[in-house]
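Below is one structure; the comments refer to it alone.
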Amino acid sequence: DSIEAGKYQAAIGTLTAAQGQANADELSELHYYLAYAYCLADDPTNAAKSLAGVTSSPGTTWSGDYVLLQAKLYVDSFAYAQAIQWLVEPSHDLSADVDRGGLYYFLLGAAYRGSGEAAKEKLCFQKVVSMGADSELGKAASELLKNL
């Protein structure tokens with residue numbers, strides 16, 4: 001897989017070419033992976049454009065990652081209110097997801113930080129630390145908590 005190998009431009013080319021052959025059911029997933037490749041290639045504008053073509057239904061293997069990618073793009077573009085609104089939507093709540101909960105709370109904490117809601121920011125970063133203080137996210141959250 002080109003994305004896993006770090007060959008983001010190759011992945012973008014392959015995924016872009018595949019759009020013409022994808023059926024309606026495959027197109028959303030293809031757009032998600034295209035957005036992911038653009039994000040990894042540090043091209044947030046095209047990542048956001050690709051995500052606009054995604055309609056994810058809960059239960060797909062990539063739906064949780066889609067929620068996190070959209071939130072990351074909101075946070076990275078300083079759209080903190082949109083990130084918060086996106087993440088607190090009940091169908092986007094990944095707080096109980098073992099694999100994604102830490103990043104969910106980290107992104108939510110970053111959005112609260114950007115919007116000036118320090119108490120909610122602190123709560124989110126504390127949850128990240130409690131989920132894995134020794135993880136990279138846990139260490140980053142601990143550092144951010146020191147400055148509150």
Side-chain angles (χ1 to χ4, degrees), residues 1-13 15-16 19 25-148:
D1 182 48
S2 296
I3 293 175
E4 290 176 2
K7 299 177 181 177
Y8 309 129
Q9 293 304 325
I12 291 166
L15 291 165
T16 301
Q19 290 181 78
D25 293 334
E26 299 166 330
L27 206 50
S28 279
E29 184 174 8
L30 191 140
H31 279 282
Y32 161 72
Y33 282 107
L34 186 57
Y36 182 57
Y38 275 124
C39 189
L40 293 172
D42 199 26
D43 187 347
T45 302
N46 281 316
K49 287 178 185 177
S50 294
L51 273 188
V54 174
T55 53
S56 172
S57 58
T60 60
T61 57
W62 51 275
S63 63
D65 296 327
Y66 161 65
V67 168
L68 295 174
L69 181 58
Q70 181 65 69
K72 180 188 181 321
L73 290 173
Y74 283 142
V75 169
D76 289 352
S77 64
F78 310 106
Y80 303 120
Q82 288 170 299
I84 293 166
Q85 183 179 4
W86 176 257
L87 289 168
V88 299
E89 172 71 32
S91 64
H92 298 159
D93 184 349
L94 300 172
S95 61
D97 187 311
V98 174
D99 297 322
R100 296 176 182 97
L103 184 52
Y104 170 83
Y105 278 119
F106 192 88
L107 289 167
L108 189 55
Y112 282 131
R113 180 185 195 101
S115 65
E117 298 181 61
K120 291 180 179 180
E121 169 194 357
K122 183 177 181 179
L123 184 62
C124 287
F125 289 145
Q126 287 172 334
K127 287 183 181 186
V128 174
V129 172
S130 72
M131 294 173 116
D134 293 331
S135 70
E136 290 301 314
L137 279 177
K139 291 174 186 175
S142 291
E143 284 301 311
L144 290 167
L145 283 168
K146 290 178 184 177
N147 298 321
L148 289 178

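- With hydrogens and angles disregarded, a donor-acceptor distance shorter than 3.5 Å links the side chain of Ser28 to the backbone of Thr55.
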Take Gln70 and Val54, measure what side-chain contact (heavy atoms from CB on, under 4.5 Å) needs, and give me the verdict at the end. CA-CA 10 Å; Gln70 181 65 69; Val54 174; over 6 Å; no

Test side-chain contact (heavy atoms from CB on, under 4.5 Å) on Glu29 and Thr60; report intermediate values, then the result. CA-CA 9 Å; Glu29 184 174 8; Thr60 60; over 6 Å; no

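- Heavy atoms only, all atoms of each residue included: Asp99 and Asp97 are closest at N-OD1, 2.9 Å.
- When all heavy atoms of Val128 and Gly102 are compared, the pair lying nearest together is CG2-O, 3.4 Å.
- Interatomic distance, CG of Leu68 versus OG of Ser63, reported as 10.0 Å (0.5 Å rounding).
- At least one side-chain heavy atom of Leu108 sits less than 4.5 Å from a side-chain heavy atom of Cys124.
- In this structure, Tyr36 and Tyr32 have parallel ring planes: the angle between them is below the 30° cut-off, well short of the 60° mark.
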Run the side-chain contact (heavy atoms from CB on, under 4.5 Å) test on Leu34 and Ile12 for me, step by step, so that the C-alpha distance in whole Å, both residues' side-chain angles and the decisive distance to 0.1 Å come before the verdict. CA-CA 6 Å; Leu34 186 57; Ile12 291 166; 4.0 Å; yes

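- Val75 and Ala83 get closest at one heavy-atom pair: CG2-CB, 3.8 Å.
- Heavy-atom minimum distance, Cys39 versus Ala47: N-CB, 3.9 Å.
- Side-chain contact check for Glu117 versus Ile84: some heavy-atom pair is nearer than 4.5 Å.
- Between the His92 side chain and the Trp86 main chain, a donor and an acceptor come within less than 3.5 Å of each other.
- Side-chain contact between His31 and Leu27: present, with at least one pair of heavy atoms (C-beta onward) separated by less than 4.5 Å.
- Atom CD of Gln85 sits in a sparse spot, with 12 or fewer heavy atoms from other residues, nucleotides or ligands closer than 6.0 Å.
- To the nearest 0.5 Å, the span separating NZ on Lys120 from OG on Ser115 amounts to 8.0 Å.
- Scanning all heavy atoms of the two residues, the minimum distance from Tyr105 to Met131 falls at CD1-SD, 3.9 Å.
- The closest side-chain heavy-atom distance from Asp76 to Lys72 is below 4.5 Å.
- Of the inter-residue distances, the one linking Tyr38 atom OH with Gln9 atom CD reads 7.5 Å to the nearest 0.5 angstrom.
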Given Leu51 and Tyr66, is the side-chain contact (heavy atoms from CB on, under 4.5 Å) satisfied, shown in steps? CA-CA 8 Å; Leu51 273 188; Tyr66 161 65; 3.7 Å; yes

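- Of all non-hydrogen atoms in Arg100 and Asp65, the two that sit nearest each other are NE-OD1, 2.9 Å.
- In this structure, CD in Gln126 is found 8.5 Å from CG in Leu148, a value given to the nearest 0.5 Å.
- Between the Tyr104 side chain and the Leu87 main chain, a donor and an acceptor come within less than 3.5 Å of each other.
- Between Phe106 and Phe125, the ring planes are tilted. Angles from 30° to 60° get that label.
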